[in-house]
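The structure under discussion appears below in the form of structure tokens.
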Amino acid sequence: MITVLVIEDNLDFQKVLVTWLYLENFFVLTAENGAVGLQMIRIEQPDMVLCDLHMPILDGMSLLKLIRQEPKIANTFFFIMTAGCEDAAYQEAQRYRVDGWIDKSRIWERIPEIIAGRFR
């Protein structure tokens, strides 16, 4: 079973996304900010991370930079989710080898493509 870690501070959106992933037969872990997410990545080593860009405590971009510096977790399959188009942030994420960038308004159509391309 594929393990997906959802790092999202909007608990309503997190709940909907987690439910959808669960119904698609994924094992789902959650974290409400990047600091908690970093600890979960280190311990659980999920197959895929879906991480919000803007969060308190540790945002998605800062988390991406940290995991790419740690050899044990540097190759974590990491997607940033955002509510809008942010070209400068996207370019920065590319420098840190983000695996993907998902507009939250299109997440339901993008996730099946991503999963099919990576895991099935």
Side-chain angles (χ1 to χ4, degrees):
M1 185 173 282
I2 297 167
T3 301
V4 178
L5 171 60
V6 175
I7 307 172
E8 171 65 60
D9 64 321
N10 179 324
L11 297 182
D12 291 332
F13 182 76
Q14 183 191 86
K15 182 178 179 182
V16 172
L17 181 54
V18 166
T19 300
W20 186 85
L21 289 166
Y22 176 77
L23 291 172
E24 293 293 318
N25 296 314
F26 293 95
F27 181 73
V28 185
L29 304 167
T30 62
E32 65 276 5
N33 62 60
V36 174
L38 179 59
Q39 294 306 314
M40 294 197 68
I41 292 167
R42 287 173 175 153
I43 294 166
E44 300 291 339
Q45 297 186 347
D47 299 301
M48 178 177 180
V49 174
L50 297 173
C51 183
D52 189 17
L53 179 61
H54 299 290
M55 294 178 293
I57 304 177
L58 184 65
D59 64 51
M61 189 70 68
S62 298
L63 175 59
L64 174 62
K65 292 174 185 178
L66 288 171
I67 68 168
R68 292 303 188 231
Q69 294 172 12
E70 291 189 31
K72 281 184 77 172
I73 59 173
N75 293 320
T76 300
F77 195 54
F78 194 95
F79 276 74
I80 288 182
M81 304 180 294
T82 185
C85 182
E86 302 179 39
D87 291 335
Y90 176 74
Q91 296 300 322
E92 184 177 5
Q94 291 292 333
R95 287 194 302 272
Y96 288 95
R97 299 180 296 121
V98 70
D99 292 291
W101 188 270
I102 305 173
D103 184 323
K104 287 182 181 179
S105 69
R106 298 188 62 220
I107 198 163
W108 313 117
E109 56 193 77
R110 289 288 323 277
I111 287 183
E113 297 170 12
I114 293 163
I115 291 166
R118 174 73 178 199
F119 300 110
R120 296 193 177 149

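Index from 1, following the sequence.
- The heavy-atom pair separating Trp101 from Ala93 by the smallest distance is CZ3-CB, 3.8 Å.
- The shortest heavy-atom contact between Thr76 and Asp99 is O-OD2, 3.3 Å.
- The CD atom of Gln14 sits 9.5 Å away from the OG1 atom of Thr19 when rounded to the nearest 0.5 Å.
- The two residues Asn33 and Val36 make their nearest non-hydrogen contact at OD1-N, 2.9 Å.
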Mind listing the side-chain donor-acceptor pairs of residues 48-59 below 3.5 Å, one per line with the distance, residues two or more places apart or on another chain?
unit_1 : atom_1 : unit_2 : atom_2 : d
Asp52  : OD1    : Lys104 : NZ     : 3.2
His54  : NE2    : Glu86  : OE1    : 3.0
His54  : NE2    : Glu86  : OE2    : 3.0
Asp59  : OD1    : Met61  : N      : 3.0
Asp59  : OD1    : Ser62  : N      : 2.8
Asp59  : OD1    : Ser62  : OG     : 3.1

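- In the hydrophobic clustering of this structure, Val16 groups with Trp20; members are Ile, Leu, Val, Met, Phe, Trp, Tyr whose side-chain heavy atoms approach within less than 4.5 Å, directly or through other members.
- One finds the CZ atom of Phe13 at 4.0 Å from the CD1 atom of Ile107 (value rounded to the nearest 0.5 Å).
- Remark: the backbone N or O of Asn10 is paired with a side-chain donor or acceptor of Glu8 at under 3.5 angstrom.
- Between Asp103 and Ala83, the closest heavy-atom pair is OD1-O, 4.1 Å.
- Here Lys72 contributes atom NZ and Ile67 contributes atom CD1; the two are 14.0 Å apart, rounded to the nearest 0.5 Å.
- Across all their heavy atoms, Pro46 and Leu5 have their closest contact at CG-CB, 3.9 Å.
- In this structure, Leu17 and Tyr22 have side chains that are not in contact, with every pair of non-hydrogen atoms separated by 4.5 Å or more.
- Under the 3.5 Å distance criterion, the side-chain polar atoms of Arg68 are matched with a main-chain donor or acceptor of Tyr96.
- When all heavy atoms of Met81 and Ile7 are compared, the pair lying nearest together is CE-O, 4.1 Å.
- Residues meeting the side-chain contact (heavy atoms from CB on, under 4.5 Å) test with Asn75, sequence neighbours left out: Arg97.
- Between the CZ atom in Phe79 and the CG atom in Leu64 there is a gap of 12.0 Å [rounded to 0.5 Å].
- Once rounded to the nearest 0.5 Å, the distance linking OG1 of Thr3 with CG of Leu21 reads 11.5 Å.
- For Lys65, the NZ atom counts as densely surrounded, since its 6.0 Å shell holds more than 12 non-hydrogen atoms of other residues, nucleotides or ligands.
- Residues Val6 and Val28 are in side-chain contact: their nearest non-hydrogen atoms beyond the backbone lie under 4.5 Å apart.
- Phe26 places none of its side-chain heavy atoms less than 4.5 Å from the side chain of Asp47.
- Here the side chains of Ile102 and Ile80 are not in contact, with every heavy-atom distance at 4.5 Å or above.
- Between Leu29 and Val4 there is no side-chain heavy-atom pair separated by less than 4.5 Å.
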